[in-house]
Amino acid sequence: MSIRFYNTITRQKEAFQPLETGKVKMYTCGPTVYDYAHIGNYRTFIFEDLLRRYLEFRGFDVNQAMNLTDVDDNTIRRSRERDISLTELTDEFKAAFHADLKTLNMQAAQNYPEATNFIPQMINMISDLETKGYTYTTPDGSVFFNIGKYEQYGKLANLNPDEMLSGGRVADDSYEKEGARDFALWKGYKAEDGDVQWESPWGKGRPGWHIECSVMSTELLGPHFDIHCGGVDNIFPHHENELAQSVCATGADFVNYWLHSEYLLVDNKKMSKSLNNFYTLRDLLDQDYPAEAIRWMLITTHYRQKLNFSVSRLEEAQKAVNRLREFYSKLKAYDGSGEEDAEDQIRVADEQFTSAMDDDLNISGGLAAIFELVRWGNRSMVEGRLSATGANDLIILIRKFDHVLGVLDMESGLNVEIDADFIESKIADRNEARANKDFTTSDAIRDELVALGVELIDTPEGTKWKMK
RNA sequence: GGCGUGGUGCCCAAGUUGGUCUAAGGGAGUGGUUUGCAAAACCAUCAUUCGCCGGUUCGAAUCCGACCCACGCCUCCA
C-alpha cells in the first residue's frame, strides 16, 4: 500500500510518488513576521509538522523549507506604526516564531529562508519572466504578471479568470495595472515604504508577495519538487500566482502535490486578525493551557476538516494526552512477569495506524488504533498477563507512534516556579503519617499541596507528584 | 452570481468507490472492581440510528434527485 494525499489541483486523492525514491522535498508556507502568529496559523504549521513526521515514520528522507515573509505591506506598515526599522520589527517576530515552534514541539525544517535574503534572485526571476514576455511595466516602476499569457491560470484554485472580475476591488488598487487580476512581481517605490527599498532594473522598489516563494523554493528545492503546503487561504491568490510565475519562469512542472489545511474557527467563524477573534499561543499558555493539549487539539482533527476552537476541546485534548502518557509510564514502571507477549497486538496496531495514516493522514483512524492498543495493554498489565518483553516492545511501539504525534516528551510551557525539595519533604511527612494511619494529617498535606497546584499519586513504587 | 466544504450518540469525531455498521476512537455520564482517601486503570452501560423528504437496490450513513442549515473562497490572510 502506498500513501495517498488529496491533491488540491486535481481535487482527488492520489498515490504519493516522490520524484526521487525515498526522498521528499516539501515547501511549506510560513508566517509573515509582523506580529505573533495565532493558533489558527499554527494549525497549518502543525499540520505540516504532522505530514513531515509521518513521511519520516514511513521512511522518507524529508527536506523541508519553510519561508518567513519579512517584507510586505503588513511588515512595512507595522514597523512604521511602531517607528522602528523593518529589520528590528521582523527580528522580534522571527525570534518569537522560532520559540513557538519549539514550544509546540515542531521539528525544525532544514531551511527557513527569509524573503529579504533573496532579493537579487527575485530580480533575476522577474527579469527572466520579462524576457519571456509574461510581464509589463507601469509608469510607477512596478512590474506585473500578465495572467492572460498563462493559459492554465486559475487551475489550482478552480477559478475562471473571466468570471473573476466582478468581485474584484479594482478601484481600490493603487497600482496602474492593465488587467484587474494581474498581480505585482515588483512594486515601484512609494512614500509609504519609507526606507524599505532595493535597486532594480525597473528602479527602486520592493518585491511583490508571491515571487519570494517561487524563488526560494527553486533555490532550495529546485524548480520541480514534491509537496507544497499552506492554509486553504493560500490557494488563491498566493499559490495560484506562485504556480504561474514558476512554471513560466523555469518551464518545469513546479509542484506535484498541493496540500492545504482548513481553517481553525471560533464560534464557527474563521479565526483571523481582522475579526479579532484570535488567540496566540502565548494567550493560551498564560491561561495555563499546556502546550501538549494545544498541539493535540490542532493535530487530531483531520487537516481538511474545519476545526472549531474552544476551551473545552483543549481540556478534552489534555485528557487524551494524559491517557497516552499514563499508559507509557505504566509500561515503564511495569515489573510483572506474565507469560504473554504483545506481538499480535503490536502488529495489528501498527498496521491499522499505518493504513489509516496512509489514507491522506487519517489521524482519527490512527488514534483509534493506538487507543485500542492502550486499552489492551492496560488490561494485560492489570491482570499481570503481560511479559517484560511484551512491555518493552510496547514501549518501543509507543515511541514510534510518538515520532508522529510528538506529545510524550513535551514541556507544558508553564512558567511556574516549583520548589521540588519543598514538595518532596511534604510527601515524606505525608507518607510518615500514612504509615502511622494518621489519615487526617495525610489528607491535610494532600489538600495543602493541591492548593499549590500539585497533585499526588500513590503508586506501588511510591508517591509521585505532578503539576495541576 | 461563480466555485467549494460540512451536517453521524450529551460533546468531539472516523467511516461516505453500498453488505464485515447489530456505526471505530476520545471526552462526559451511570453502575461496578481496585484503592485508607485521591488519581490512574479495569469491567459494564451509553445511536435499530447517520440534517430532512423521496427514489434506486435483495440490501444505503454510504448511490441518485429535491430541500433545509452552517461555513469558506472569488480581496491582505495559515
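Nothing here was measured: the structure is a model prediction, and the numbers come from that model. In what follows, every heavy atom counts, from backbone to side chain, and hydrogens, waters and symmetry copies are set aside. Residue numbering restarts at 1 for every chain, and letters A, B, ... go by the order of the sequence lines.
Here the side chains of A:Asn7 and A:Ile9 are in contact, with some heavy-atom distance below 4.5 Å. Using a 4.5 Å heavy-atom cutoff, the side chains of A:Thr28 and A:Leu51 are not in contact.
Within 4.0 Å of A:Lys273, counting heavy atoms only, lies no atom of the nucleic acid at all. Heavy atoms of A:Asp443 sit under 4.0 angstrom from at least one base atom. Residue-level contact check: A:Asn362 touches the backbone only, with heavy atoms under 4.0 Å from sugar-phosphate atoms and none from bases. Here A:Gly230 lies in heavy-atom contact (under 4.0 Å) with sugar-phosphate atoms only. At the heavy-atom level, A:Asp458 lies under 4.0 Å from base atoms of the strands shown. Across all strands shown, A:Arg313 has heavy atoms under 4.0 Å from sugar-phosphate atoms exclusively, and none from any base. A:Phe236 comes within 4.0 angstrom of sugar-phosphate atoms only, judged by non-hydrogen atoms across all strands, and of no base. Contacts of A:Asn234 with the nucleic acid, taken as non-hydrogen atoms under 4.0 Å apart, involve only primed sugar atoms and P, OP1 or OP2. Using a 4.0 Å heavy-atom distance criterion, A:Tyr263 is classed as a base contact. Using a 4.0 Å heavy-atom distance criterion, A:Met271 is classed as a base contact.
Aromatic ring orientation, A:Phe309 versus A:Tyr279: tilted (interplanar angle from 30° to 60°). Between A:Phe45 and A:Tyr42, the ring-plane angle classifies as perpendicular under the 30° and 60° cut-offs. Between A:Phe225 and A:Tyr27, the ring-plane angle classifies as tilted under the 30° and 60° cut-offs. The aromatic rings of A:His260 and A:Trp258 sit parallel to each other, their planes meeting at less than 30°, with 60° as the upper class boundary. Under the 30°/60° scheme for interplanar angles, the aromatic rings of A:Phe145 and A:Phe183 are found to lie parallel.
With 3.5 Å as the limit, one finds no donor-acceptor pair spanning the side chains of A:Tyr6 and A:Lys13.
Of the side-chain N and O atoms in A:Thr32, one or more sit less than 4.0 angstrom from OP1 or OP2 of B:A78. Within the structure, every side-chain polar atom (N or O) of A:Lys330 is placed at least 4.0 Å from both OP1 and OP2 of B:A40. OP1 and OP2 of B:A40 both lie 4.0 Å or more from every side-chain N or O belonging to A:Lys464.
In this structure, the CD1 atom of A:Ile363 is 19 Å from the P atom of B:C12, given to the nearest Å. Summarising the geometry, the separation between CZ on A:Arg78 and C1' on B:C76 is reported as 13 Å, rounded to the nearest angstrom. What separates CG of A:Leu307 from P of B:C11 is a distance of 17 Å, to the nearest Å.
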message: Output one letter per nucleotide in nucleotides 17-35 of chain B: B when a protein non-hydrogen atom lies under 4.0 Å from the base, S when only the sugar-phosphate is that close, - when neither is.
response: -------BSBSS-------
statement: Per-nucleotide protein contact along nucleotides 2-9 of chain B, 5' to 3', at a 4.0 Å heavy-atom cut-off (B base, S sugar-phosphate only, - neither), is BSSBS---
message: Dot-bracket, 5' to 3', for RNA chain B please: Watson-Crick or G-U pairs under 3.5 Å, [ ] where pairs cross earlier ones, | where the partner sits on another strand, dots elsewhere.
response: ((((((((.[[[..)...(.....]]].(((((.......))))).....[.[[[..)....]]].])))))))....
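For A:Arg379 against B:C43, no side-chain N or O and base N or O form a donor-acceptor pair under 3.5 Å. Put simply, the side chain of A:Arg43 and the base of B:A78 share no donor and acceptor less than 3.5 Å apart.
For A:Asn74, whose side chain is taken as the heavy atoms from C-beta onward, the closest listed nucleotide among B:C37, B:A70, B:C76 is B:C76.
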task: Run the numbers on A:Arg295 and A:Asp49 for side-chain contact (heavy atoms from CB on, under 4.5 Å), then give the verdict.
output: CA-CA 11 Å; A:Arg295 180 180 170 89; A:Asp49 183 56; 2.8 Å; yes
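Heavy atoms from other residues, nucleotides or ligands lying under 6.0 Å from CD of A:Glu432 number 12 at most.
Cation-pi geometry between A:Lys400 and A:Phe353 is not met at under 6.0 angstrom from the ring centre and within 45 degrees of the axis.
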